[in-house]
Engineer: 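Provided herewith is a single structure, encoded as structure tokens, for subsequent inquiry.
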Amino acid sequence: VGPNLIFSVIYKTIFSWSMKRAHIISIGNELLIGDTVNTNASWIGRFLTEKGFRVDEVLTISDNYESIVASVKWSLEHADLVITTGGLGPTHDDITKKAVADIFDSRMITDEDILAHIKKMFALRGFTFSESNREQAMIPEGCDVLFNNRGTAPGMWFQKNGSFLAVLPGIPNEMKFLMEKRVSEKIDTQFQETGFRAVKYLKTAGVTESSLSDDYIGNLSHFIDNDFEIAYLPNPGGVTIRIACQEKTEEDSDLKISELENYIREKAGSVIYGEGRDFTLSEALGNLLKCRNYTLAAAESCTGGYLSNEITNVSGCSNYMKGGITAYSNEIKAGHLKVSESEIEKYGAVSKQVALAMAYGISEKFGSDIGVSTTGIAGPGGGSPEKPVGTVWMGFRILDQHFAMKAILTKDRLLNKERSSIIVLETIRRVLLNIESMPYNLKQERA
Ligand code: ATP
Ligand code: MG
């Protein structure tokens with residue numbers, strides 16, 4: 001018994017109520033060379049987080065006996081729960097089972113239930129049963145079988161010095177089945193005494209990560225000192241603020257997290273459009289439009305329908321979305337949106353005047369309360385010194401307000417479509433809620 005082990009046992013005992021630490025080990029050469037995206041690790045990470053674990057490490061390793069033994073041993077010493085996936089198949093490269101059996105000094109035995117299950121599955125599919133398939137019914141003596149109704153490789157559950165190990169197949173739907181049906185149950189019985197973790201996602205749009213932190217929220221070290229976890233997660237749609245804490249009881253952790261949530265909302269409420277990991281800006285805006293009874297229409301040039309796509313990703317959007325026109329050519333801008341040809345000639349298609357006229361034109365044509373437009377140079381070609389790639393004009397006619405805004409975005413075409421769509425949605429939201437500052441502090445310009 002080495003000092004590491006003693007330390008880890010003491011550590012686990014003292015902190016067992018407040019921390020449940022997990023490691024995920026993904027096994028397979030195909031993951032390392034990039035042939036397969038490691039979706040298992042992210043799926044399990046999310047699952048365990050929701051179960052109240054703190055996932056400390058994700059290891060991705062090859063189908064190599066020494067690596068598997070070393071990684072699993074390391075993780076069992078440093079985490080309360082270790083999940084491995086991959087390498088349980090019948091082929092020669094699948095050696096996880098052998099490695100794990102050796103860690104636990106177990107000999108391999110045949111499990112008759114599994115054998116019967118495999119034979120039945122083969123018969124059902126009309127395959128002939130071979131000796132290498134018999135191998136699949138072998139398990140290390142002493143483990144608990146996590147019965148795999150979806151496939152032939154069983155999952156296995158081990159226990160060592162207060163830590164637990166689940167060994168699962170790599171095929172994603174089998175792994176998910178075993179996590180949801182078998183591992184979940186084991187966790188619920190083995191980790192009862194541990195604390196409750198509360199996690200919240202606050203979603204913002206139209207503000208950069210640094211501005212959100214510096215100009216809105218400010219210093220949170222007092223909360224961090226009090227064992228809160230706070231993360232700013234930027235993505236093309238905005239910045240998600242994830243906050244988390246862990247307490248002995250569910251009530252305590254809920255109470256504690258609302259303390260931080262209230263603080264953040266007080267500071268940054270105007271840029272938070274909603275909460276929940278998967279809640280979108282289109283949903284937030286949709287709710288607002290429905291509740292105010294306003295309708296919307298979009299005239300899109302550079303976004304080519306992306307904005308309408310975002311808006312219509314929300315179920316029930318027919319309540320407020322009237323429709324849109326992808327007005328890519330000048331001919332369509334003039335013919336269908338009544339943008340004056342002389343203005344297009346004088347100012348160019350990517351201009352304040354054209355954006356204003358497009359927004360006005362679409363709201364008139366479709367009789368909507370709100371009309372919006374985009375016209376820009378999405379790139380990567382087509383820029384000029386006066387109008388570099390990424391220049392986007394967005395037009396708004398929101399009830400009695402009529403204005404346009406210019407943003408200089410990126411050199412990436414898709415990103416520009418995405419960003420300008422988000423800015424348009426967030427602008428409508430802010431105007432309807434009488435929030436003064438515009439996304440990314442863009443300036444409203446009138447005719
Ligand atoms: P089985 O015995 O059911 O074949 P296995 O444990 O042997 O399962 P692997 O042979 O390692 O699983 O992988 C099976 C398939 O699952 C592979 O095609 C691989 O692409 C996919 N897979 C393995 N690991 C992952 C992972 N971490 N994320 C996503 N897919 C994975
Ligand atoms: Mg494999």
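All residue numbers in this chain count up from 1 along the given sequence. Counting convention: from 1, in listed order, for ligands and their atoms alike.
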Engineer: With a 4.0 Å cut-off, would you call Arg150 and Glu174 a salt bridge?
Structural biologist: no

Engineer: So if I count the atoms of ligand 1 from 1 in the order they appear, which ones are less than 4.0 Å from some heavy atom of Ala153?
Structural biologist: 2 (O)

Engineer: For ligand 1, which atoms sit closer than 4.0 Å to a heavy atom of Leu31?
Structural biologist: 25 (C), 26 (C), 27 (N)

Engineer: I need the full list of ring-ring contact (aromatic ring centres under 6.0 Å, His included) pairs touching residues 28-55, with sequence neighbours left out, sorted by first then second residue.
Structural biologist: Trp43-Phe47, Phe53-Phe191

Engineer: If you count the atoms of ligand 1 from 1 in the order shown, which ones are under 4.0 Å from a heavy atom of Gly86?
Structural biologist: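 So the answer, numbered in order with elements, is 6 (O), 11 (O).
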
Engineer: Can a salt bridge be assigned to the pair Lys203 and Glu283 using a cut-off of 4.0 Å between side-chain N and carboxylate O?
Structural biologist: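 No, no charged N to carboxylate O under 4.0 Å.
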
Engineer: I'd like to know if Asp227 pairs up with Lys256 as an ion pair, taking the criterion as any Lys NZ or Arg NE/NH1/NH2 lying under 4.0 Å from an Asp or Glu carboxylate oxygen.
Structural biologist: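 Salt bridge absent between Asp227 and Lys256.
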
Engineer: With rounding to the nearest 0.5 angstrom, report the OG1 to CG distance, Thr391 to Asn416.
Structural biologist: 9.0 Å

Engineer: N/O of Gly170 under 3.5 Å from N/O of ligand 1, yes or no?
Structural biologist: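 Between Gly170 and ligand 1 (N or O atoms, distance only) the closest approach is under 3.5 Å.
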
Engineer: Counting from 1, what ligand 1 atoms have a heavy atom of Thr39 closer than 4.0 Å?
Structural biologist: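 Those qualifying, in numeric order: 28 (N), 29 (C).
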
Engineer: When you look for heavy atoms under 4.0 Å from ligand 1, do you find them on the side chain of Ala41, its backbone, both, or neither?
Structural biologist: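 Neither part.
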
Engineer: Could you check whether Lys176 pairs with Glu180 (Lys NZ or Arg NE/NH1/NH2 to Asp/Glu carboxylate O, under 4.0 Å)?
Structural biologist: no

Engineer: So that I can tick it off, tell me whether Lys73 and Glu77 are bridged by a salt bridge, with the cut-off set at under 4.0 angstrom between side-chain N and carboxylate O.
Structural biologist: no

Engineer: Taking a cutoff of less than 4.0 Å between a non-hydrogen atom of the residue and any ligand atom, is Gly87 in contact with ligand 1?
Structural biologist: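 True for this residue.
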
Engineer: Looking at non-hydrogen atoms alone, which of Asn38, Ile27, Ile44 comes nearest to atom 27 (N) of ligand 1?
Structural biologist: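 Minimum heavy-atom distance to atom 27 (N) of ligand 1 goes to Asn38.
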
Engineer: Need the ligand 1 atom indices (1-based, order shown) with element for anything under 4.0 Å from a heavy-atom of Pro169.
Structural biologist: 6 (O), 8 (O)

Engineer: Closer than 4.0 Å to some heavy atom of Val37 - which atoms of ligand 1 meet that?
Structural biologist: 28 (N), 29 (C)

Engineer: Looking at Glu174, which atoms of ligand 1 are within less than 4.0 Å of one of its heavy atoms?
Structural biologist: 3 (O)

Engineer: My understanding is that we take every heavy atom of each candidate and find the minimum distance to atom 6 (O) of ligand 1. Doing that for Thr96, Leu88, Asp63, Leu168, which one comes out nearest?
Structural biologist: Leu88

Engineer: Checking side-chain polar atoms at under 3.5 Å, does Asn38 have a donor or acceptor matched by the opposite partner on Ser26?
Structural biologist: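 Yes, a side-chain donor-acceptor pair sits under 3.5 Å.
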
Engineer: Between Thr36, Val167, Thr152, which one has a non-hydrogen atom sitting closest to atom 20 (O) of ligand 1?
Structural biologist: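 Among Thr36, Val167, Thr152, the closest heavy atom to atom 20 (O) of ligand 1 comes from Thr36.
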
Engineer: Evaluate the side-chain proximity of Phe164 to Lys186: yes if any heavy-atom separation is below 4.5 Å, no if none is.
Structural biologist: no

